Amino acid sequence: MPELPEVESARAVIEAGALDREIADLDDSDTWVCRPHSPGEIRDALIGRRLTAALRRGKSMWCETSSDGPVLGIHLGMSGRIVVTDGSGSPVEGGDRVRGTAATSPGRDPAWDRFTVRFADGGELRLFDKRRLGRVRLDPDLSRLGPDAAEVGVADFRERVGRGTAPVKARLLDQSVLAGVGNLLADETLWQASLDPRRRVDTLDHDTLTALHGALKKATRAAIRRGGVHTGEVIEHRSPGGHCPRCGAPMQRATVGGRTTWFCSEEQG
DNA sequence: AACAATGTTCAGTC
DNA sequence: GGACTGAACATTGT
């Protein structure tokens, strides 16, 4: 489920529960998730240190470590979640507003823990990820990320999103343009702005881009506040037979920017 | 069985 | 080189 709002919640969980605890052991044996590191490389670099800060930009997050240690980069991929437990094994719910995490439910399979940091007090920080597209690495390269979608200013937004000829949705999904917008947040934002996802950005005027910026900010903040992108107004109507919750017209499906896209056949035409 | 899935990356084509 | 598209990646769920 991770788009910017979910990653922000995960970051908050780490910040609330995983900082300043001595790292006693670490499981980095999943060579796919931890590529290009070899097994033990991350462990050797972090044992004895502490995480000192949890930061985020777009869907990427990272932790600074004590004693000038390396940065620990974590990306949740398509299905990753962060679980932090205290010394007694109880999950830390520092993320507050986020509800119902499959990662902490009784039925979770430990085989889906792809990366685990064990603290000296017995608690853990785990990356739980069924689909295994999440990623952990030391000193990640974040240089190609655009500004965070929740922070970008309107002038910067217009300049970046309005450049080029791609469909507007593809532009919103490009992490080097803006960092943090995923498939659902893009659909929600474009629906809120009543914009056709297929519309080329070079046909958008100044005011339309300004309005789109406002819709993105609003949709992103609402998703963080309400606990995830799936709480967007149009999201539950993204299915065959779905109707626009505003005007009742049928929702239409297309592929834009390589992703399944749903939009109102009337208002976003 | 076939296909889609909330993400990123890389090869290939203008 | 830049911009853009589509397939591949690993795995699960429908």
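The structure displayed is predicted, hence computed values, not measured ones. A, B, ... follow the sequence lines: proteins, then strands. Residue 1 opens every chain.
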In whole angstrom, give the distance that lies between atom CG of A/Asn183 and atom C1' of B/dA5. 9 Å

C/dT12 and B/dT9, which share atom name P, separated by this distance in whole Å: 22 Å

Side chain of A/Met78 - closest among B/dA5, C/dT11, C/dC4: B/dA5

Please work out if A/Gly258 contacts a base, only the sugar-phosphate, or nothing of the nucleic acid, heavy-atom cut-off 4.0 Å. nothing

Hey, are A/Asp129 and A/Ser79 close enough side-chain-wise for a donor-acceptor pair under 3.5 Å? yes

Of the options C/dC9, B/dG7, C/dT5, whose atoms approach the side-chain atoms of A/Trp32 most closely? C/dC9

Paired with B/dA1: which nucleotide, if any, by Watson-Crick or G-U wobble criteria at under 3.5 Å for both distances? none

Got a salt bridge between A/Lys169 and A/Asp187, using NZ or NE/NH1/NH2 to carboxylate O under 4.0 Å? yes

I'd like to know if A/Lys59 and A/Glu3 make a salt bridge, using a cut-off of under 4.0 Å between side-chain N and carboxylate O. no

Below 4.0 Å: OP1/OP2 of C/dG13 and any side-chain N or O of A/Lys130: yes

Give the rounded distance in Å between these two atoms: CZ of A/Arg131 and P of C/dT14. 10 Å

Between C1' on B/dG7 and CG on A/Leu173, what's the gap in Å once rounded to a whole number? 10 Å

A/Leu127 CG to C/dA10 C1': how many Å, rounded? 14 Å

P-based separation of C/dC4 from B/dT6 [nearest Å]: 22 Å

Write down the partner of B/dA11 under the Watson-Crick or G-U wobble criteria, each distance required to be under 3.5 Å. C/dT5

Any A/Arg259 side-chain nitrogen or oxygen under 4.0 Å from OP1 or OP2 of B/dG7: yes

Separation of C/dA10 P from A/His75 NE2 (nearest whole Å): 17 Å

Check the phosphate of C/dT12 against A/Trp112, side-chain N and O only, distance under 4.0 Å to OP1 or OP2. Yes or no? yes

Taking only side-chain N and O atoms of A/Thr260, does any of them lie within less than 4.0 angstrom of OP1 or OP2 on B/dA5? yes

Identified side-chain contact (heavy atoms from CB on, under 4.5 Å) counterpart of A/Leu178 within the set A/Leu145, A/Leu216, A/Asp148: A/Leu216

Rounded to the nearest angstrom, tell me the gap between atom CZ in A/Arg238 and atom C1' in B/dT6. 9 Å

Integer-rounded Å distance: C/dT5 C1' and A/Lys169 NZ: 15 Å

Measure from the side-chain N and O atoms of A/Thr208 to the backbone N and O of A/Leu204, and report whether any donor-acceptor pair falls under 3.5 Å. no

Can a side chain N or O of A/Arg171 be found less than 4.0 Å away from OP1 or OP2 on C/dC4? yes

Select one nucleotide: of C/dA10, C/dC4, B/dT6, the one nearest the side-chain heavy atoms of A/Arg132. C/dA10

Report yes if a side-chain nitrogen or oxygen of A/Ser79 is closer than 4.0 Å to either non-bridging phosphate oxygen (OP1 or OP2) of B/dG7; otherwise report no. no

Carboxylate-amine/guanidinium proximity below 4.0 Å for A/Arg114 and A/Asp27: no

Rounded off to whole Å, could you give me the CG-to-P distance for the A/Asp109 and C/dA10 pair? 20 Å

Hey, which sits more toward the 5' end of DNA chain B by its nearest nucleotide, A/Glu3 or A/Arg35? A/Glu3

